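Input: a single structure, listed below in structure tokens.
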Amino acid sequence: MFRPRQSTEIEVPLTPMLDVAFQLLTFFILTFKPAPMELQFDLNLLPTTPQTEPEPEPPPEDSPSDEPPAIRSFQVTLLSDNTGELTGIDLEELRFEDLPSLRDRIKGLLEDPDYAFDQALIRAHPDLHWEHLVSVLNMFSDLGLTKVNFTEMN
């Protein structure tokens, strides 16, 4: 006796799969946050090969100071409030309210041969927005000060 063969097609429920796909697409579109615009600044990095016996760099011949370059640095402290806005700038013991006045003072210090500095040490408040730090770095770069170090603020 011959039996008719039953159809073996399997129906795939496309409607629920499309619903899930659109829900996932909507979720990713609504939760996407593009990365903030990144800025570029030049920094002096450590050498690629470690130095086993680092020797202190002698001061330049025309330097009026006998101190090694590591000591001839000035410290800039960037202060901010809880919103991350720049509220003050300390250059050693001097307080500045804005970058142009700090720029004028540092420019005067860099031009003074008796007050030679080779590098800057920046301490920034942890809440400070990066744009303010980048502004200070750009100012140092414009003044020809390329050796910049960072330290934590206590």
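When reading the values below, keep in mind they use all heavy atoms of this one structure, side chains included, and skip hydrogens, waters and symmetry mates. Note that this is a predicted model, so its numbers are computed, not measured.
A continuous path of hydrophobic side-chain contacts links M139 to L94 [ILVMFWY only; heavy atoms under 4.5 Å]. Under the 4.5 Å side-chain heavy-atom criterion for grouping Ile, Leu, Val, Met, Phe, Trp and Tyr, L121 is not connected to L145 through any hydrophobic cluster.
Summarising the geometry of F27 relative to T31, their closest heavy-atom pair is O-OG1, 2.8 Å, with the distance given to 0.1 Å.
In this structure, the side chain of T151 does not engage the main chain of R123 through any donor-acceptor pair within 3.5 Å. Under a 3.5 Å cut-off, the side chain of H129 and the backbone N or O of T83 do form a donor-acceptor pair. E92 places no side-chain N or O within 3.5 Å of a backbone atom of V76 that could act as its donor or acceptor partner.
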Query - Derivation and outcome, side-chain contact (heavy atoms from CB on, under 4.5 Å), residues L79 and T77 - result: CA-CA 6 Å; L79 306 171; T77 304; 3.8 Å; yes

Query raised in the report: For L86 and S80, what are the C-alpha separation, side-chain angles and deciding distance, and is it a side-chain contact (heavy atoms from CB on, under 4.5 Å)?
Result: CA-CA 5 Å; L86 186 65; S80 77; 5.6 Å; no

Query - side-chain contact (heavy atoms from CB on, under 4.5 Å) assessment of D142 paired with R103 - result: CA-CA 10 Å; D142 291 343; R103 178 188 179 90; 3.8 Å; yes

Query raised in the report: Between I122 and N149, is a side-chain contact (heavy atoms from CB on, under 4.5 Å) present by the stated rule, with each step listed?
Result: CA-CA 6 Å; I122 296 179; N149 292 317; over 6 Å; no

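Taking CD from E111 and CG from L143, the interatomic distance works out to 9.0 Å, rounded to the nearest 0.5 Å. Here the straight-line distance linking atom CD1 of I29 with atom CG of L25 works out to 4.0 Å at 0.5 Å rounding. In this structure, the separation between OG on S135 and CG on L102 is 11.5 Å, given to the nearest 0.5 Å. Rounding to the nearest 0.5 Å places NE2 of H132 at 9.5 Å from OG1 of T87. Separation of atoms CG (L78) and CG (L99) is listed at 8.0 Å; rounding is to 0.5 Å.
Side-chain atoms of F140 and L110, non-hydrogen and from C-beta on, never get closer than 4.5 Å to each other. Within the 4.5 Å cutoff, side-chain heavy atoms of F74 are placed close to those of L91.
No side-chain donor from either of S141 and N138 sits under 3.5 Å from a side-chain acceptor of the other.
A 6.0 Å sphere centred on CG of N82 holds no more than 12 heavy atoms belonging to other residues, nucleotides or ligands.
Scored by the salt bridge (Lys or Arg N to Asp or Glu O under 4.0 Å) test, R95 finds D90 as partners (sequence neighbours excluded).
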